[in-house]
Amino acid sequence: GAVVSQHPSRVICKSGTSVKIECRSLDFQATTMFWYRQFPKQSLMLMATSNEGSKATYEQGVEKDKFLINHASLTLSTLTVTSAHPEDSSFYICSARGAGTGNTEAFFGQGTRLTVV
Amino acid sequence: GESVGLHLPTLSVQEGDNSIINCAYSNSASDYFIWYKQESGKGPQFIIDIRSNMDKRQGQRVTVLLNKTVKHLSLQIAATQPGDSAVYFCAETPNTGGFKTIFGAGTRLFVKA
């Protein structure tokens, strides 16, 4: 299957700082990428849909000014957690679907463990 | 978010036995369903998928059953192995709204040697 890579895999930051997480589709072009958050022993919660060249669509209850998403190219989307607080500590996962593939399998990254201290 | 994931039910099986993991989905507009396996600290790994025009699909050691009438999915794992121990999620993709993949609650599978 296609490969989606996230970077970094782990990050620790101080409270009040911002952290950027990258999601790359390595061998395909992705017009749409998705960002999820997963707390311990819970399911993946969709945060937002990232569309190349346009604004992201956020799920209800997700603060768009806190979780900035940029999808500037067909192979890269970034999620920036701004002014991070300990409650933002979580496992962040992205997925991507190939351009023009419709309702088909989305490929997932390996996740980023964010710890805010 | 749309998914529900407050608790993780647990299924414990003996190595070599068959496992059945169940899932209820919520959106009648969903026409594509996937089972994922997630190991600790990793992203979800695709296992098998099924479309709404089917009620059964088989892979290697795995079978997915879809009952659209009651919006129910199941994953059957034959001859369960210790390496199958993980959390399993069903996911649905409604055929609207950008094909977002929405995850179910998940089930933790323990395989006893």
Side-chain angles (χ1 to χ4, degrees), chain A residues 1-6 9-10 21 23 30-52 54 56-63 67 71 90-115, chain B residues 1-10 21 23-27 29-54 57 59 64 86-110:
Chain A
V3 178
V4 174
S5 177
Q6 277 183 246
S9 57
R10 291 178 177 271
I21 302 169
C23 179
T31 51
T32 305
M33 292 184 172
F34 303 89
W35 287 96
Y36 295 81
R37 180 167 54 180
Q38 185 178 30
F39 292 110
K41 298 184 180 181
Q42 293 191 19
S43 186
L44 283 76
M45 299 285 288
L46 181 64
M47 300 174 66
T49 302
S50 168
N51 299 298
E52 186 266 337
S54 64
T57 304
Y58 291 81
E59 294 298 306
Q60 190 174 3
V62 177
E63 299 175 61
F67 299 100
H71 193 157
S90 189
F91 195 50
Y92 292 88
I93 306 169
C94 72
S95 71
R97 185 177 283 114
T101 57
N103 197 354
T104 57
E105 177 189 355
F107 301 98
F108 283 80
Q110 71 271 39
T112 297
R113 172 77 60 195
L114 170 63
T115 303
Chain B
E2 298 178 37
S3 64
V4 177
L6 298 180
H7 303 286
L8 280 181
T10 299
I21 301 171
C23 172
Y25 66 93
S26 57
N27 194 327
S30 293
D31 69 350
Y32 181 57
F33 305 88
I34 316 104
W35 278 99
Y36 289 97
K37 173 185 181 183
Q38 187 181 31
E39 296 174 319
S40 181
K42 297 183 179 179
Q45 174 189 350
F46 174 92
I47 299 174
I48 191 168
D49 59 1
I50 189 169
R51 294 202 174 271
S52 58
N53 60 352
M54 303 173 70
R57 189 158 188 242
V64 55
V87 178
Y88 290 81
F89 293 99
C90 68
E92 59 181 305
T93 305
N95 205 23
T96 56
F99 306 130
K100 297 182 287 188
T101 302
I102 306 300
F103 283 76
T107 297
R108 182 175 296 280
L109 176 66
F110 283 113

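Bear in mind that the values here come from a model prediction, so they are computed numbers and not experimental data.
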Notebook entry, point to check: Hey, is the main chain of A:Phe67 close enough, under 3.5 Å, to the side chain of A:Glu63 for a donor-acceptor pair?
Noted result: no
Margin query: Heavy-atom cut-off 4.5 Å, strictly under: side chain, backbone, both or neither for A:Gln38 against chain B?
Written below: side chain
Notebook entry, point to check: Side chain, backbone, both or neither: which part of A:Phe39 has a heavy atom under 4.5 Å from chain B?
Noted result: neither
Check: When the ring centroid of B:Tyr32 is compared with that of B:Phe99, is the distance short of 6.0 Å?
Finding: no
Check: Which one, A:Arg10, A:Glu105, A:Arg113, A:Arg37, leads in non-hydrogen pairs under 4.5 Å with chain B?
Finding: A:Glu105
Next item on the list: State, with a plain yes or no, whether a side-chain heavy atom of B:Leu8 is found less than 4.5 Å away from one of B:Val87.
Entry: yes
Next item on the list: State which residues pass side chain to side chain donor-acceptor pair (under 3.5 Å) with A:Glu52; sequence neighbours excluded, sorted by chain then number.
Entry: none
Next item on the list: Please look at B:Gln45 and chain A and tell me whether the side chain, the backbone, both or neither of the residue comes under 4.5 angstrom of a heavy atom of that chain.
Entry: neither
Margin query: Are the side chains of B:Pro44 and A:Tyr36 in contact, using a 4.5 Å heavy-atom criterion?
Written below: no
Next item on the list: Would you please name every residue forming a side chain to side chain donor-acceptor pair (under 3.5 Å) with B:Trp35, sequence neighbours left out?
Entry: none
Item checked: Part of residues 46-54 of chain B lying next to chain A, heavy-atom separation under 4.5 Å -> B:Phe46, B:Arg51
Note to self: Students often mix this up, so state it plainly: with edges at 30° and 60°, are the rings of B:Phe33 and B:Tyr25 parallel, tilted or perpendicular?
What the structure shows: tilted
Item checked: Structural part of A:Ser9 lying under 4.5 Å from a heavy atom of chain B -> neither
Margin query: For A:Ser5, give me all partners under side-chain contact (heavy atoms from CB on, under 4.5 Å), at least two apart in sequence or on another chain.
Written below: A:Leu26, A:Gln110
Checklist line | Proximal component of A:Arg97, with respect to chain B [non-hydrogen, under 4.5 Å] | finding: side chain
Margin query: Keeping A:Gln6 on the side-chain end and A:Ile21 on the backbone end, is there a donor-acceptor pair under 3.5 Å?
Written below: no
